[in-house]
Amino acid sequence: MTRRSFARIGDVLPSVLRDLGLEKRFSERQMVERWAGVVGPELAGRARATRYEKGTLFVRVDHGAWMQELHFIEKDLVRKLRVACPGVDLVRIKFSAREIE
């Protein structure tokens, strides 16, 4: 009887995602998940990334005034998110003023 060797999931996951063609989708989802860490707690409390689609990150903002403020720093946020998620081709952020769920 032979012993099976086990690998850590973190070591295997990247190749499994690549083999299944899901690596890009996983990276795109990570951008949504990393939003709070990139923008910080104050901003994350007022704006929440909801999805990524075709170069655009969609973010819900709790008030129209904050949405306006975020437009002023959008380029900086895009730059920071590109650094945090280099596998994603982020072009812009689309803000919408809606209550955060």
_R46 side, atom CZ; E69 side, atom CD - distance, nearest 0.5 Å_ = 11.0 Å
_Restricting to side chain to side chain donor-acceptor pair (under 3.5 Å), what partner residues turn up for E33, sequence neighbours left out?_
R29
*Flag yes if V38 and Y52 sit in one hydrophobic cluster, no otherwise; membership is Ile, Leu, Val, Met, Phe, Trp, Tyr, and two members link when side-chain heavy atoms are under 4.5 Å apart.*
yes
*Can you tell me how far the CG atom of L77 sits from the NZ atom of K75, to the nearest 0.5 Å?*
12.5 Å
*Measuring from K80:NZ to I73:CD1, what's the distance to the nearest 0.5 Å?*
7.5 Å
*Can you see which heavy atom on V59 is nearest to which on A47, and at what distance?*
CG1-CB, 3.7 Å
Show me the side-chain donor-acceptor pairs of residues 85-95 shorter than 3.5 Å, one per line, residues at least two apart or across chains.
none

_Are V32 and V78 connected into the same hydrophobic cluster when the rule is that any two of I, L, V, M, F, W, Y join if their side-chain heavy atoms are below 4.5 Å apart?_
yes
*asked:* To the closest 0.5 Å, what do you measure between CG (D76) and CG (L81)?
replied: 9.5 Å
*Decide yes or no for L70 and V61: does some side-chain heavy atom of the first lie under 4.5 Å from some side-chain heavy atom of the second?*
yes
*In one Ile/Leu/Val/Met/Phe/Trp/Tyr side-chain cluster, 4.5 Å: L57, W66*: yes
*Do M67 and L43 share a hydrophobic cluster, counting only Ile, Leu, Val, Met, Phe, Trp and Tyr and linking them when any side-chain heavy atoms are less than 4.5 Å apart?*
yes
*asked:* Quick check on H63: does its NE2 atom have over 12 non-hydrogen neighbours (other residues, nucleotides or ligands) under 6.0 Å away?
replied: no
*For residues 34-43, pull every pair meeting side-chain hydrogen bond (donor to acceptor under 3.5 Å, both in side chains), keeping only residues two or more places apart or in separate chains.*
Q30-R34
